[in-house]
S.K.: 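Below is one structure. I have some questions about it.
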Protein chains: 2
Amino acid sequence: MRLTTKGRYAVTAMLDLAYHSSKRPVALTDIAKRQDISLSYLEQLFAKLRRAGMVTGVRGPGGGYQLSRPAHEINIAEIITAVDETLDSTRCGGKGNCQNDQPCLTHELWMGLSEQIRAYLAGISLGDLLSRHEIQQVANRQDREMQGVSIGEESVN
Amino acid sequence: MRLTTKGRYAVTAMLDLAYHSSKRPVALTDIAKRQDISLSYLEQLFAKLRRAGMVTGVRGPGGGYQLSRPAHEINIAEIITAVDETLDSTRCGGKGNCQNDQPCLTHELWMGLSEQIRAYLAGISLGDLLSRHEIQQVANRQDREMQGVSIGEESVN
DNA sequence: CAAAAAATTGACTAAATTACTAGGGATTGG
DNA sequence: CCAATCCCTAGTAATTTAGTCAATTTTTTG
């Protein structure tokens, strides 16, 4: 299966966006700082998310990104497939030609697993995550840390 | 998450072993041919499976591998973790130090997913798979193809 | 209008990981 | 003995990921 930092970053960034979305768009530089993700890399991810119609870019000063839909209408599986192309666990991409044009011995097993994963992640929306306690706590902590950083740069490290 | 060909090969090979196990051990060369897996690579995988106590090696002519336990007592999650080390989907290996020593915003989400996957695969045994129709069909086809190959490549016959 | 802020795009690259090869023992049945 | 088989260690080619760099376009603010 393909669940790498790319997909994880995308979900994290979208959640950050959802959490900080009010009237004004959220700039990628802010998300990058809060979530410790390289800005250039985030730009690539948001390009895909925009093409997938999940976010809208607003250019110019005061610009940034906004969710195209309410947070509870965006589920995690969508986000990952938007940047990662697939949540599939088969070797053949579900085509069933894993062993010279025939399904391999375990083809059905991986198909079942893929569906399991997809269903799980499709059943969770950004809105769901926002309402979780642990996540609010983490988001809060990150906001506080951001303020400290904005003047004093990163301390010793 | 880490579900790659390594884990898939291991499960496939174990299933092949379970399917062909009778009194005599099954040689890796046979599994390699039937499942289209490089012999050396299989040897590496079985070294791990052996260390994990799932199979027993028998040396010498007529030797090979045997399951250490009945097929219905070996589940898929075990096999994968034995060769792949982890079914974890977090970046931090579940430790919660994903963002400078603190859990990242989506830590809990990936923990939940990992558990979901683990539970699904732990609930399926080699024995379960053996009793599935599609799998018996594929195994049968592979056996027939093997016989054709052993002397004259694919003969019309 | 000019300058700045921010998205947008595309090409390139370093590092990591995977999948696989090579080659040499060690055992044992016939 | 000898050939089949497991067993072990190193090395390597290919792929993928995560990230950089640089240039451009669009829009807003002053």
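Reminder, nothing fancy here: chain letters follow the sequence lines and each chain counts from 1.
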S.K.: For A:Ala47, report the nucleic acid contact type (base, sugar-phosphate, nothing); a contact means any heavy atom under 4.0 Å.
M.R.: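 Result for A:Ala47 = nothing.
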S.K.: From B:Leu42 CG over to B:Lys33 NZ, what is the distance, rounded to the nearest 0.5 angstrom?
M.R.: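 Those atoms lie 12.5 Å apart.
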S.K.: Looking only at side chains, do B:Tyr19 and B:Arg34 share a donor and an acceptor under 3.5 Å apart?
M.R.: no
S.K.: What is the distance from CG of A:Asp30 to C1' of C:dA6, rounded to the nearest Å?
M.R.: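 Atom CG in A:Asp30 sits about 11 Å away from atom C1' in C:dA6.
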S.K.: Strictly below 4.0 Å, N to O, side chains only: are B:Arg69 and B:Glu78 in salt-bridge contact?
M.R.: yes
S.K.: Within the 4.0 Å heavy-atom criterion, would you say B:Phe46 contacts the bases, only the backbone, or no part of the nucleic acid?
M.R.: nothing
S.K.: Rounded to whole Å, how long is the line connecting atom CG of A:Leu39 with atom P of C:dT9?
M.R.: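 It works out to 15 Å between those atoms.
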S.K.: Without decimals, in angstroms, what is the distance between B:Tyr65 OH and D:dT5 C1'?
M.R.: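 Whole-Å distance recorded here is 9 Å.
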S.K.: A:Ser114 and A:Asp88: which non-hydrogen atoms are nearest, and at how many Å?
M.R.: OG-OD1, 3.4 Å
S.K.: Quick check against the 3.5 Å criterion: does A:Thr106 have a side-chain atom that pairs as donor or acceptor with the backbone of A:Leu109?
M.R.: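 It does not hold such a pair.
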S.K.: When the distance from CG of A:Leu45 to P of C:dA7 is rounded to whole Å, what number comes out?
M.R.: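 My rounded result for the distance is 13 Å.
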S.K.: Quick one: pull up OG1 in A:Thr56 and OH in A:Tyr65 and give me the separation to the nearest 0.5 Å.
M.R.: 10.0 Å
S.K.: From CD1 of A:Ile31 over to C1' of C:dA5, roughly how many Å is that when rounded to an integer?
M.R.: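 Whole-Å distance recorded here is 16 Å.
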S.K.: Using whole Å, report how far CZ of B:Arg51 lies from C1' of D:dT9.
M.R.: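 Value for this atom pair: 11 Å.
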S.K.: How does protein contact run along nucleotides 22-30 of chain D, one letter per nucleotide 5' to 3', with B for base contact, S for sugar-phosphate only, - for none, heavy atoms under 4.0 Å?
M.R.: ---BBBB--
S.K.: Please determine if a side-chain N or O atom of A:Arg50 lies less than 4.0 Å away from the OP1 or OP2 oxygen of C:dA6.
M.R.: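 A:Arg50 to C:dA6 OP1/OP2: no side-chain N or O under 4.0 Å.
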S.K.: Are A:Gln99 and B:Gln142 linked by a side-chain donor-acceptor pair shorter than 3.5 Å?
M.R.: yes
S.K.: How many whole angstroms separate atom CD of A:Gln44 from atom C1' of C:dG10?
M.R.: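 Taking atom C1' of C:dG10 as the reference, CD of A:Gln44 is at 9 Å.
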S.K.: Please check if atom CZ in A:Arg24 has more than 12 non-hydrogen atoms from other residues, nucleotides or ligands closer than 6.0 Å.
M.R.: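 Open.
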S.K.: CH2/A:Trp110 to SG/A:Cys104 distance, rounded to the nearest 0.5 angstrom?
M.R.: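 Reported value, rounded in 0.5 Å steps: 8.5 Å.
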S.K.: Which atom pairs link the protein and nucleotides 16-18 of chain C when you take only N or O atoms and keep those under 3.5 Å?
M.R.:
unit_1: C:dT18; atom_1: OP1; unit_2: B:Arg2; atom_2: NE; d: 2.9

